[in-house]
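Below you'll find the structure, written out as structure tokens, and then a few comments.
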Amino acid sequence: MTTPHWIFGDQLGPHFLTPAGANGPDRGAPVVMIEARSVFRRRRFHRAKAHLVLSAMRHRAAELGGRVTYVRAETYREGLRRAVSGAPVTVCHPTSYAALRLVRSLPGVRVLPARGFLVAREDFTGWAEGRGGRRLLQEDFYRWVRREHDLLMEGGHPAGGRFNHDHANREPPPKGDRELDVPGPYRPREDDVDAEVREDLDRWEREDGVRFVGRDGPRRFPATRREALSALRRFTEHRLASFGPYEDAMLAGDPVLSHSLLSSSLNLGLLHPAECVERAERAWRAGAVPVNSAEGFVRQVAGWREYVWHLYWHFGEDYRHGNALGHTERLPEYFTELDADALTARCLATVLAQVRDTGWTHHIPRLMVLGSHALQRGWDPAAVTDWFHRCFVDGYDWVMVPNVVGMSQYADGGRMTTKPYTSGGAYIHRMSDLCDGCAYRPTERTGPRACPFTAGYWDFLNRHRRLLSGNARMRRAVQGLDRLGDLDDVLRQERRRAGDAP
């Protein structure tokens with residue numbers, strides 16, 4: 001008899017059911033899926049995220065037909081008991097410490113190796129141990145992955161003569177344009193499953209005390225393997241060519257630009273990273289896209305995504321509690337409620353509205369607007385991490401702990417990145433049109449038009465002057481404090497408006 005195989009809601013692609021001897025599910029194994037209401041009762045997720053996850057799970061169950069036992073229960077424990085009555089099951093390694101503890105605590109559950117990534121856990125461990133105690137830098141890891149998987153390589157050398165084409169991928173948006181002149185992204189069509197999910201969510205809110213944040217509908221991201229493949233094909237054929245130069249740019253009227261919108265599909269398990277980077281490489285080899293665009297996308301998927309996944313496990317569960325800067329301020333209501341209308345700063349209002357309406361923004365608004373604001377204001381990094389996890393359709397524990405604790409909030413003291421990622425308003429002004437028509441001015445530090453990011457940047461540097469002066473990449477910025485004749489005015493001003501919505 002074959003052992004049933006349990007799949008979580010982020011293990012929805014066919015590669016999670018592929019047999020692999022002792023390391024995979026049995027061939028043709030019955031499938032168990034559990035929709036646990038407690039997940040949504042414990043935490044206030046973005047409504048669009050809840051809709052996407054449940055739609056994807058129910059679509060997958062419909063595809064599997066009679067092979068699947070789909071249980072709607074209060075908890076995973078209850079659901080598994082109802083599905084198999086204590087019989088043995090297999091499950092691929094889950095994507096969070098909490099889920100791993102759960103499956104290991106259940107009798108009869110055999111945990112198989114993780115799937116859905118390019119680099120196996122043991123291979124990363126070997127690479128990390130081979131560093132001889134040196135820092136686990138993303139750039140070094142990325143080059144190793146490129147060589148090991150022969151990605152964008154030409155006879156042992158990187159495509160285009162260099163591993164990193166970031167120098168060509170930092171263009172501001174075309175001046176005067178409100179949106180990029182590129183075909184739009186793939187958009188799915190909702191069906192009866194989506195309607196059923198939305199009715200259930202309405203009922204849960206009305207009758208069961210479940211609460212969400214943000215707006216839902218229509219669904220913007222793939223919920224099936226077929227939709228995800230269509231999104232991948234449209235990106236590589238029509239949008240990848242212009243992705244590279246403008247991957248760091250921001251436009252108020254075009255939040256998507258040329259980004260792939262594939263992160264939620266990858267993190268639901270609908271796509272495998274190998275097929276994504278291989279398509280990008282084929283497009284480059286066919287001469288359809290420039291090398292800097294192909295490399296920029298490959299770096300996001302095969303470099304950063306893999307790096308974040310492995311650091312989550314390598315650093316251990318206590319990593320999430322890092323708070324090297326001692327930040328303890330609570331998140332304000334305008335942030336937790338996604339109340340973009342409460343904000344005057346156009347950049348923050350625009351980006352927070354994007355999160356409210358879609359559950360998504362690309363990586364630069366996340367890092368250099370939302371994350372930078374939280375860092376400058378000294379918000380509790382654990383609360384910021386939780387917010388990103390709940391409010392983004394592609395947010396999962398393994399994604400957000402390293403990205404927020406390490407990259408965005410510098411709460412690990414530099415274990416992951418070499419400096420805090422924050423800036424004054426000049427960066428936002430250079431890389432976007434978000435300062436146009438704003439009540440604040442990126443060049444002004446004090447007064448009624450003082451940019452919250454410009455003044456906040458100097459206030460942040462001053463608060464952490466002692467720590468950051470020892471950082472080689474921050475030393476010159478810290479020394480700049482002594483050249484500000486109005487520093488005392490800036491600091492007094494920022495103390496006065498610390499609790500205000502900017």
Side-chain angles (χ1 to χ4, degrees), residues 1-36 53 56-71 76-77 79-96 99-126 145 148-151 222-229 232 262 265-279 301-302 305-306 309-310 313 396 398:
M1 292 183 63
T2 56
T3 302
H5 185 66
W6 176 14
I7 59 174
F8 279 93
D10 56 358
Q11 299 176 340
L12 302 180
H15 46 285
F16 288 96
L17 295 178
T18 306
N23 289 328
D26 291 343
R27 185 173 301 278
V31 176
V32 173
M33 297 181 70
I34 303 167
E35 189 178 294
V53 172
M57 290 181 67
R58 295 182 189 182
H59 275 100
R60 183 60 170 143
E63 292 168 354
L64 292 169
R67 185 180 174 185
V68 68
T69 298
Y70 194 93
V71 179
Y76 287 117
R77 288 179 185 273
L80 191 63
R81 184 172 62 250
R82 285 166 49 188
V84 300
S85 302
V89 298
T90 58
V91 65
C92 289
H93 194 292
T95 60
S96 73
L100 183 61
R101 282 196 303 273
L102 169 68
V103 298
R104 284 178 171 171
S105 73
L106 297 171
V109 177
R110 182 163 67 90
V111 181
L112 306 174
R115 295 190 173 191
F117 295 89
L118 292 170
V119 178
R121 291 275 302 281
E122 57 271 21
D123 293 339
F124 178 85
T125 299
V145 172
E148 288 291 305
H149 291 263
D150 196 27
L151 284 172
T224 69
R225 167 78 173 164
R226 184 175 181 177
E227 290 179 345
L229 288 172
L232 174 60
L262 296 175
S265 298
L266 280 161
N267 295 350
L268 285 167
L270 296 172
L271 294 175
H272 193 283
E275 63 190 334
C276 295
V277 296
E278 286 165 5
R279 283 200 184 216
V301 176
R305 184 174 184 269
E306 295 286 320
W309 163 255
H310 286 290
W313 299 103
Y396 293 86
W398 71 267

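In this structure, CG on Leu17 lies 12.0 Å from CZ on Arg27, to the nearest 0.5 angstrom. Interatomic distance, CH2 of Trp6 versus CG of Leu80, reported as 5.0 Å (0.5 Å rounding). Note that NE2 of His15 and CG of Leu270 are 8.0 Å apart. Values are rounded to the nearest 0.5 Å. Interatomic distance, Asp150 CG to Glu278 CD, rounded to the nearest 0.5 Å: 10.5 Å.
Few gaps surround CZ on Arg67; more than 12 heavy atoms of other groups in view lie less than 6.0 Å from it.
Looking at Thr90 and Asp26, their side chains never come closer than 4.5 Å, going by heavy atoms from C-beta outward. Residues Val301 and Leu262 are not in side-chain contact: their nearest non-hydrogen atoms beyond the backbone lie 4.5 Å or more apart. No side-chain heavy atom of Val89 sits under 4.5 Å from any side-chain heavy atom of Leu106. Side-chain contact check for Val119 versus His149: some heavy-atom pair is nearer than 4.5 Å. Thr2 has its side chain within reach of Pro30: a pair of non-hydrogen atoms, C-beta onward, lies under 4.5 Å apart. A 4.5 Å side-chain heavy-atom check between Asp123 and Glu148 finds every atom pair outside the cut-off. Side-chain atoms of Arg225 and Leu271, non-hydrogen and from C-beta on, do get closer than 4.5 Å to each other. Two residues are said to be in side-chain contact when any heavy atoms from C-beta on lie closer than 4.5 Å; Arg77 and Ser105 meet this criterion.
Counting only distance, with no hydrogens or angles, the side chain of Arg121 and the backbone of Trp313 share no donor-acceptor pair below 3.5 Å. No donor-acceptor pair under 3.5 Å is formed between the side chain of Arg110 and the backbone N or O of Pro88. In terms of modelled atom types and a separation under 3.5 Å, the side chain of Asp10 and the main chain of Asn267 share no donor-acceptor contact. In this structure, Arg60 contributes its side chain and Met33 its backbone to no donor-acceptor pair below 3.5 Å. For the pair His5 (side chain) and Val31 (backbone), a donor-acceptor distance under 3.5 Å is absent. At least one donor-acceptor pair closer than 3.5 Å links the side chain of His272 to the backbone N or O of Ala274.
Taking every heavy atom of both residues into account, Thr18 and Pro25 meet most closely at O-CD, 3.4 Å. When all heavy atoms of Val71 and Ala83 are compared, the pair lying nearest together is CG2-CB, 3.9 Å. The nearest pair of heavy atoms linking Ala22 to Leu112 is O-CD2, 3.7 Å. Between Met57 and Ile34, the shortest heavy-atom contact is CE-O, 3.4 Å. Heavy-atom minimum distance, Ala302 versus Val145: O-CG1, 3.7 Å. In this structure, Arg115 and Gly24 approach most closely via the heavy-atom pair NH2-CA, 3.2 Å.
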For this session: Evaluate the side chain to side chain contact (heavy atoms under 4.5 Å, CB included) criterion for residues Cys92 and Ile7: first the C-alpha distance (whole Å), next the side-chain angles of each, then the deciding distance (0.1 Å), finally the verdict.
Result: CA-CA 7 Å; Cys92 289; Ile7 59 174; over 6 Å; no
Exercise. Going through the distances and angles, do Leu12 and His59 end up as a side chain to side chain contact (heavy atoms under 4.5 Å, CB included)?
Worked result: CA-CA 10 Å; Leu12 302 180; His59 275 100; over 6 Å; no
Exercise. Can you check side chain to side chain contact (heavy atoms under 4.5 Å, CB included) on Phe117 and Arg305, steps first, answer last?
Worked result: CA-CA 9 Å; Phe117 295 89; Arg305 184 174 184 269; 3.5 Å; yes
For this session: Given side chain to side chain contact (heavy atoms under 4.5 Å, CB included), test Val91 with Val111 step by step and report yes or no.
Result: CA-CA 5 Å; Val91 65; Val111 181; 4.3 Å; yes
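The six-membered or imidazole ring of Phe16 lies away from that of Phe8, with a centre-to-centre distance of 6.0 Å or more.
Between His310 and Phe124, the ring-plane angle classifies as parallel under the 30° and 60° cut-offs.
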